[in-house]
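To start, the structure itself, in structure tokens.
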Amino acid sequence: MAFELPALHYATDALEPHIDKTTMEIHHDKHHQAYVTNLNKALEGKAEASSSIDEIIKNISKFPAAVRNNGGGHYNHSLFWNILGPNKGGEPTGALAEAINSTFGSFADLKTKMQEAGATRFGSGWAWLSVSADGKLQVSSTPNQDNPLMDIAEVKGSPILGIDVWEHAYYLKYQNKRPDYLAAIWNVVNWDAVAELYKKAL
Ligand SMILES: [Fe+2]
């Protein structure tokens, strides 16, 4: 079965003013769709076309670049839409908040680390909060559409929060001011969704 573009579970203008409607429309309907279309093309006629996206990503070293780029794009964006939401923001709670405090010092320290990871990623890529195999929280960044779940990642783990720092994610509203986008995005992070992924990763 071919991979499909997942529907957004909120309106394209729901993240205004932090992420504008036009950016959401182009980002979801055009960019993410292109990753899905090209992933399906790259896997056409191959047995792996019926694998889950997670299985493909975990074994990405066995695939050609087109699958790494477009499969990564599909996985990363599916996660990204899921961990954002309208009227969100605030702070994480419960076990996730405790883990953040014990690992990074405070929620503010985590934000600083994530913003640094995103701001210093040269060119296109992602900033990540992931859970290592031994259950530790870790911040990292990856180039292009790579992610920590890939077997080729420098810092491996299960991603629970990903911030897209490709220019297509912010350029219409923030232009060259990537740090402003990275500061604003906390207003629309859905911490319930992140906590759910944290629970699953442990
Ligand atoms: Fe993107």
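Order of listing sets the numbers, starting from 1, for every ligand and every atom in it. Fair warning: this is a prediction, and the values are worked out from it, not measured in the lab.
For Tyr198 and Trp191, the distance between ring centers is not under 6.0 angstrom. When ring centroids are compared, His28 and Trp81 come within the 6.0 Å threshold.
Residues forming a ring-ring contact (aromatic ring centres under 6.0 Å, His included) with Phe63 (at least two apart in sequence, or on another chain): none. For Tyr35, the ring-ring contact (aromatic ring centres under 6.0 Å, His included) partners at least two apart in sequence or on another chain are His77.
Ion pair Asp151/Lys156 not flagged as a salt bridge, since none of the NZ, NE, NH1 or NH2 atoms sits closer than 4.0 Å to an Asp/Glu carboxylate oxygen.
Note on the Fe ion (ligand 1): protein N, O or S atoms under 2.8 Å away count 4, no waters included.
As a member of the Ile/Leu/Val/Met/Phe/Trp/Tyr network built from side-chain separations under 4.5 Å, Val155 groups with nothing else and remains a singleton.
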